[in-house]
Asks: 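Sharing a structure here in structure tokens format.
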Amino acid sequence: MRIFRKEKKMAVIYTAAVLCVASTGWAATSHWNDASAIPQQMTQTSVNKDTNWQQWKENWKTIGNNYEQVSLAPGRDSSKLNFGWYSREQADRAEVRVAKQQDMKQAKLFSGNSAAGTVVNGVTYYSNKVEVEGLTPETTYWYQVNLNGKWQKAQQFHTGNPDDFFFMYVGDPQIGASIGQVSAEGAKQDGELATCNDAYNWNKTLNGALSQHPEINFLVSPGDQINEPAADQSADKIQLQEQQYAGYLSAAALRSLPEATSIGNHDSMTAGYRNHFNIPNPFVEENSPTKAGYGYYYTYGKALFIVINANNYNAADHKALIEKAVKAYPKAKWRVVVMHQDIYGSGLDHSDSDGILLRTQLTPIYDANHIDVVLQGHDHTYARTYQLSSDGGKHADFAEYRSNGQSGQQHNMLDTALKNKDTKNYYASQNLCYTIADMNQGTLVNPKGVFYMSANSATGSKYYELIPQQQDYIAARSQTWRPTYSVVHITADAFSIDTYDVMSGTPIDDTYRIIKQ
């Protein structure tokens, strides 16, 4: 039996000096994080002191036009690390060298591939990818990349403890999504100013989180790193998209923080994502991939992470990826799926429309493969579920709305169909394809079912309203109109997640913990 609960009204205290507030709507609201209105003393809490907003704007042309920044990603396991970066010159081989001393004495050289990538303003940028291996736990290393024939300044990173580790989970940084908003300075933001604003806030989020939680070993993002989809592949849209990737990668913390990203719908329509990020174990067998690339998987200690390209609406591809990953690591204690679309979320814009288009297909796949946790984005609201399972029934797969297996940024067929009341009612009824397996809160021991979580915006570039009537599968949800991030702690026997307000560093919800004995 499903009981729909009315949302409890929540008192939210914030100042107009920090957030701009306006009317509600069925799409993005005009709540956003205005960098020009954020008190500059906030910068004092960061790991590497942020420049203030005025300094950031003055330096923006240099930052936003630097397409050659390095991204680090978890490797196939905790002893490996993947590097990706653009260059204006193609080398015979991409190169990274790693040492235990900053002077790079006794550095070990690793090489990889360099291939033609994205064209920006008529200039071809080459995509360079290298895998580093042989890393030992809890060790400090220094690395250099060879960029256009020159070794760059040595940067530091520190490996974690694979038996007891932490990662930061963020929702939809979506650099550039504040386009059209009017700042406290009186400027209506065009694409470039929005990108500048959101990149500034992204930098502050990472610095603040790492200052408050230096134990974090890597970052997990369920997609929409950038806002401009560049669906028409036009030169000006590609340039803006690459400027947004530059803003995203500009955060100083990312020089030493590996990031495991997934493909969001805004990332899905060009090759920019796959050219920037060097993912491990790409599932090239995917039959309906997007232009951005594929799903993938990796391990860290006893946890297996499976990253789904949910813009591909061919669920058979995701089933095959999950089964391949599980077969490769059958003894993994924890199985975590990361995907963009929130098939169990609570945002007004997606949680009863395109966000659940794969729910009837994926829910039984996750059950069959004993997935423990699914981390989602897309709805720019915070929500966590009870433990959920498939109801075992047969439900419609809505293949007619899945456009040759993939849709990416475009959901026009479904949006049009759901304007019909009967179609919408049928769609909703078929998506009641789950049961609530466990409603306990706090710490659960050996629970049945799968835990789903949706993250709010990590930058405040865009927010959605919560759906008016809270779904029965939702255990907790909120929309504070402030950026948040979560810290996940995994050991051999426990998974726990805590979510924090970026500006204050205080928790916005209770700890949710799963114990496996």
Side-chain angles (χ1 to χ4, degrees), residues 12-46 49-66 171-208 224-230 234 236-237 239-252 266 348-349 380-381 456-465 479-484 501-504:
V12 180
I13 301 174
Y14 50 85
T15 64
V18 177
L19 299 172
C20 295
V21 181
S23 62
T24 62
W26 283 90
T29 69
S30 44
H31 300 258
W32 66 297
N33 207 16
D34 181 1
S36 69
I38 297 172
Q40 296 304 313
Q41 61 265 29
M42 292 289 293
T43 63
Q44 302 302 313
T45 63
S46 62
K49 282 188 180 180
D50 306 323
T51 56
N52 65 39
W53 171 238
Q54 294 304 321
Q55 290 173 319
W56 182 268
K57 282 200 302 182
E58 290 171 6
N59 293 328
W60 174 247
K61 287 296 184 184
T62 300
I63 297 168
N65 292 327
N66 181 6
D172 298 62
Q174 208 160 333
I175 307 301
S178 63
I179 186 170
Q181 304 283 12
V182 179
S183 75
E185 297 174 328
K188 184 175 181 179
Q189 299 201 135
D190 60 11
E192 183 169 2
L193 184 55
T195 299
C196 176
N197 179 90
D198 302 341
Y200 176 80
N201 289 327
W202 174 234
N203 189 72
K204 290 175 67 64
T205 291
L206 291 177
N207 286 348
D224 278 2
Q225 282 66 235
I226 50 89
N227 183 65
E228 176 51 63
S234 63
D236 59 333
K237 296 291 182 65
Q239 180 185 3
L240 179 58
Q241 184 185 78
E242 285 299 331
Q243 191 175 67
Q244 291 173 357
Y245 275 122
Y248 173 86
L249 292 170
S250 71
H266 285 260
L348 183 60
D349 205 56
H380 299 250
T381 59
N456 205 339
S457 169
T459 60
S461 64
K462 181 170 74 174
Y463 295 110
Y464 292 138
E465 297 278 2
Q479 179 52 282
T480 61
W481 314 117
R482 293 163 67 101
T484 61
D501 178 282
V502 167
M503 297 179 185
S504 67

Asks: Please collect all salt bridge (charged side-chain N to carboxylate O under 4.0 Å, His left out) contacts where either partner lies in residues 177-201, sequence neighbours excluded, each pair once.
Replies: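 Listed once each, the pairs are Lys57-Glu185, Lys61-Glu192.
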Asks: Which heavy atom of Gln243 sits nearest a heavy atom of Asn65, and at what distance?
Replies: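 Shortest heavy-atom separation between Gln243 and Asn65 comes out as NE2-OD1, 3.7 Å.
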Asks: Please report the shortest heavy-atom distance between Ile63 and Ser250, naming the atom on each side.
Replies: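 Heavy atoms only, the tightest pair is CG2-CB, 3.5 Å.
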Asks: My understanding is that only residues two or more places apart in sequence, or in another chain, count here; which of them pass side-chain hydrogen bond (donor to acceptor under 3.5 Å, both in side chains) with Asp501?
Replies: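 Checked Asp501 against side-chain hydrogen bond (donor to acceptor under 3.5 Å, both in side chains); matches are Arg482, Ser504.
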Asks: Please lay out, stage by stage, how Gln189 and Ser178 fare under the test side-chain hydrogen bond (donor to acceptor under 3.5 Å, both in side chains).
Replies: CA-CA 7 Å; Gln189 299 201 135; Ser178 63; 2.8 Å; yes
Asks: To the nearest 0.5 angstrom, please state how far the CG atom of Leu348 sits from the OH atom of Tyr464.
Replies: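 OH of Tyr464 is found 10.0 Å from CG of Leu348.
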Asks: Can you classify the ring geometry of His31 versus Trp481 as parallel (below 30°), tilted (30 to 60°) or perpendicular (above 60°)?
Replies: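 The rings of His31 and Trp481 lie parallel, inter-plane angle below 30°.
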Asks: Is the backbone N or O of Pro173 less than 3.5 Å from a side-chain atom of Ser461, with the two atoms forming a donor-acceptor pair by type?
Replies: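 Flag set: sc Ser461 to bb Pro173 pair under 3.5 Å.
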Asks: Determine yes or no for a side-chain-to-main-chain donor-acceptor pair under 3.5 angstrom, with Gln174 supplying the side chain and Gln225 the backbone.
Replies: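 Side chain of Gln174 to backbone of Gln225: no pair is present.
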Asks: Return yes if some donor-acceptor pair links the side-chain N/O of His266 with the main-chain N/O of Asp224 below 3.5 Å, else return no.
Replies: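 Side chain of His266 to backbone of Asp224: no pair is present.
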Asks: So does Asn52 get a backbone contact from the side chain of Gln55, meaning a donor-acceptor N/O pair under 3.5 Å?
Replies: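 Yes; at least one donor-acceptor contact below 3.5 Å.
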Asks: Could you state the interatomic distance from OG (Ser234) to CD (Gln239), rounded to the nearest 0.5 Å?
Replies: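 Going from OG on Ser234 over to CD on Gln239, the span is 10.0 Å.
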Asks: Nearest 0.5 Å please: distance from the CG atom of Asn227 over to the OG1 atom of Thr195.
Replies: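 Reported value, rounded in 0.5 Å steps: 7.5 Å.
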Asks: Given 3.5 Å as the limit, does a donor-acceptor pair link the side chain of Gln241 with the main chain of Glu228, or not?
Replies: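 Yes; judged by distance alone, with no hydrogens or angles, the pair exists.
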Asks: Determine the sole option in Asn203, Asn197, Ile175 for which the side chain to side chain contact (heavy atoms under 4.5 Å, CB included) test with Thr459 is passed.
Replies: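 Testing each of Asn203, Asn197, Ile175 against Thr459, the sole residue satisfying side chain to side chain contact (heavy atoms under 4.5 Å, CB included) is Ile175.
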Asks: Search all heavy atoms of Ala246 against all heavy atoms of Asn66 and return the closest pair with its distance.
Replies: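 Nearest pair, atom of Ala246 first, then Asn66: CB-O, 3.4 Å.
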Asks: Would you compute the distance between atom OH of Tyr245 and atom CG of Leu249 and round it to the nearest 0.5 angstrom?
Replies: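 So the OH of Tyr245 and the CG of Leu249 are separated by 9.0 Å.
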Asks: Looking at every non-hydrogen atom in both residues, tell me the closest pair between Ser457 and Asp172 and how far apart they are.
Replies: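 Distance-wise, the nearest heavy atoms are OG-O, 3.8 Å.
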Asks: May I ask you to decide if Ile226's main-chain N or O and Gln244's side chain share a donor-acceptor pair within less than 3.5 Å?
Replies: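 Flag not set: sc Gln244 to bb Ile226 has no pair under 3.5 Å.
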Asks: Sub-3.5 Å donor-acceptor pair from the side chain of Asp34 to the main-chain atoms of Ala184, do we have one?
Replies: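 Side chain of Asp34 to backbone of Ala184, a donor-acceptor pair under 3.5 Å: yes, one is there.
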Asks: Can you confirm whether or not the ring centre of Tyr463 sits under 6.0 Å from the ring centre of Trp32?
Replies: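 No.
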Asks: Has Asn33 got a side-chain atom pairing as donor or acceptor with Pro483's backbone, closer than 3.5 angstrom?
Replies: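 Judged by distance alone, no pair lies under 3.5 Å.
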Asks: Compare all side-chain heavy atoms of Trp53 with those of Cys196 and state whether any distance is below 4.5 angstrom.
Replies: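 Yes, at least one pair of side-chain atoms sits under 4.5 Å.
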Asks: Write down the atom of Thr29, the atom of Gln181, and the distance for their closest heavy-atom approach.
Replies: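 Scanning both residues completely, I find the closest heavy atoms to be O-NE2, 3.5 Å.
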